[in-house]
2 protein chains.
Amino acid sequence: MAGNSAESGITVASRVLALLGSFDPEHRALTLSEMARRAGLSLPTAHRLVSELVDWGAVVRRSSGKYVIGRRLWDLGLLSPTQSGLRQVASPFLHDIYGATLATVHLAVRDELDVLYLDRLSGHASVPVVSQIGSRLPLHATGVGKVLLAYAPEDVQTAVLSDLTRITPYTITQPGLLRDQLRRVHREGYATTVEEMSLGACSVAVPIRASNGQVVAALGIVVPTLKRDRARLVAALQVAAQGVGRSLGV
Amino acid sequence: MAGNSAESGITVASRVLALLGSFDPEHRALTLSEMARRAGLSLPTAHRLVSELVDWGAVVRRSSGKYVIGRRLWDLGLLSPTQSGLRQVASPFLHDIYGATLATVHLAVRDELDVLYLDRLSGHASVPVVSQIGSRLPLHATGVGKVLLAYAPEDVQTAVLSDLTRITPYTITQPGLLRDQLRRVHREGYATTVEEMSLGACSVAVPIRASNGQVVAALGIVVPTLKRDRARLVAALQVAAQGVGRSLGV
DNA sequence: GACTTGTCTTCCACTGAACGAAAGGGTCGC
DNA sequence: GCGACCCTTTCGTTCAGTGGAAGACAAGTC
């Protein structure tokens, strides 16, 4: 998880970015002192920079004593063409799947050694899942992750296989076993997990291919149990994935 | 639309922000020179700052010769608690509405003198609409806009009413007429538009109230025509809006 | 009441990071 | 060949940014 920053970087820009980087999904609201500490800056410096971020157009905002990410950054992020473009194209197909399965539906891409969730669609009665839009989870313990890993470059695969953290008792931690599964993903065109990420949740996922055949994302669902209807779920997913791929242009 | 920047601000932070601000929904991919020009910076300065943004964790990214907003900024923006929190709570209810109406569904808040779209949900066969998640539209020409305007402070209302830009031949540009409609929103609990934003599109919208009664957002749908079933649409929206409000906590 | 511990904010003298002019390369199209 | 775009690098000057120290306020604790 997390964990870059690294290189000192004595530039102002890097300090600004360090300040913004002090926010993460578990720390969405921070006091000035917390931000300064997490960013490794002196308090006066943090104060000045944060004030500029506030004065400008709501990049960060004060909310009941703490600082939070503001609207301006929210909509700036939405301009990211790859994330938002894919999301927008895929959106109607996600609803199709949701309509057909009533399961939690995920659209995800690989970001380095993690799954990055681009979209999540869940109803009132869906299985509780840990994923959130914008959050990252390990590649080896999720359905979409296994798909993305199966089509990832060799060096990514070896890197992931060399560090299979256990999350539940059912998480696959043996490299050989996982490699077998990845091969099967290639053969059968879909991946599954059974309580490997969270107890009581199973998942099925398929790749989304651009017109050139390249796997650019994955589409998956989370269900309470993988009963007999696995074939039906896979079929629904594949129809949607092909639809997304065709709409992608590239 | 748009349009702050204003105050020069000779600080580095402001330059970084100016560079990021050179992106907008119509300019999602820019060359270095374009960014420098739009941000009012010299080319070497822009080059250095942008390089830092790239070197750090993909705040911006090069994509086929141009620069685009990167993943890091995308997920930073998603940490914004107000936007994402509301979105997440409302999401299942949006699907309910979609299921009941098959129309394009909108979740929006007011941002200064504009509607800011937090979420949009549309199917394959929905009416084409201009809104995008993260985009802004005028308050006076959209269904959700009228709702948000009706519950906005007096000074916001007068500001908006004093500048009613015409968008289609049916856009309401007479302050008196719009004020009447706003009063009706209070009375009847919903707002409508008929081709006021784009030809061939009508809309219905209702307010979302937090537990304290405050209107915090609006929920709306876009349909081809407002036939007899207006009452049914309003009912579906109100059920969902109450559901969101109850789930909101505050 | 005074004392601790936590916020955030302001001041100010020193210094080194950021600036832009100018020049070096790359790649198009004509 | 030329011109018109891009992007990148170098380098000396200068001014913006830095952190120590101290002030201001609020919430506990004794």
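Basis for what follows: all heavy atoms, side chains included, without hydrogens, waters or symmetry-related copies.
- Between A:Ser33 and C:dC8 there is a side-chain polar atom (N or O) within less than 4.0 angstrom of OP1 or OP2.
- Atom NE2 of residue A:His95 and atom OG of residue B:Ser122 lie 7.5 Å apart, to the nearest 0.5 angstrom.
- In the set C:dT9, C:dA18, D:dT8, C:dT9 carries the atom at the smallest distance from any side-chain atom of A:Tyr67.
- For A:Glu52 (side chain) and B:Thr11 (main-chain N/O), no donor-acceptor pair under 3.5 Å exists by modelled atom type.
- Looking at B:Ser162, its side chain does come within 3.5 Å of a backbone N or O of B:Ala159 through a donor-acceptor pair.
- Listed pair A:Arg15 / D:dG19 meets the phosphate criterion, a side-chain N or O lying under 4.0 Å from OP1 or OP2.
- Electrostatic pairing of B:Arg72 and A:Asp111 does not count as a salt bridge here, judged by no charged N lying under 4.0 Å from a carboxylate O.
- A distance of 4.0 Å separates CE of B:Met35 from CZ of B:Phe23, quoted to the nearest 0.5 Å.
- Of all the residues in residues 39-52 of chain A, A:Leu43, A:Pro44, A:His47 reach under 4.0 Å from DNA chain C with at least one non-hydrogen atom.
- Computed from coordinates, the B:Leu19 CG to C:dC19 C1' distance equals 14 Å when rounded to whole Å.
- Side-chain N/O atoms of B:Arg62 include none lying less than 4.0 angstrom from OP1 or OP2 on D:dC6.
- In DNA chain D, stems built from 3 or more consecutive Watson-Crick or G-U wobble pairs, each with both distances under 3.5 Å, span C:1-6 with D:25-30, C:8-23 with D:8-23, C:26-28 with D:3-5.
- Rounding to the nearest 0.5 Å places CD of A:Gln88 at 10.5 Å from CG of A:Leu78.
- Set against C:dT9, C:dA18, D:dC7, the side chain of A:Val12 has C:dA18 as its closest nucleotide.
- Summarising the geometry, atom OG belonging to B:Ser91 is positioned 12.0 Å from atom CG belonging to B:Leu118; distances are rounded to the nearest 0.5 Å.
- As a whole-Å value, the separation of A:Arg37 CZ from D:dG19 C1' is 17 Å.
- With rounding to whole Å, B:Leu32 atom CG is found 12 Å from D:dT9 atom P.
- Between A:Glu154 and A:Arg179, at least one side-chain nitrogen of the basic residue sits less than 4.0 Å from a carboxylate oxygen of the acidic one, meeting the salt-bridge criterion.
- Between A:Arg110 and the choices A:Val215, A:Val147, A:Leu149, A:Leu139, the side-chain contact (heavy atoms from CB on, under 4.5 Å) rule is met once, by A:Leu139.
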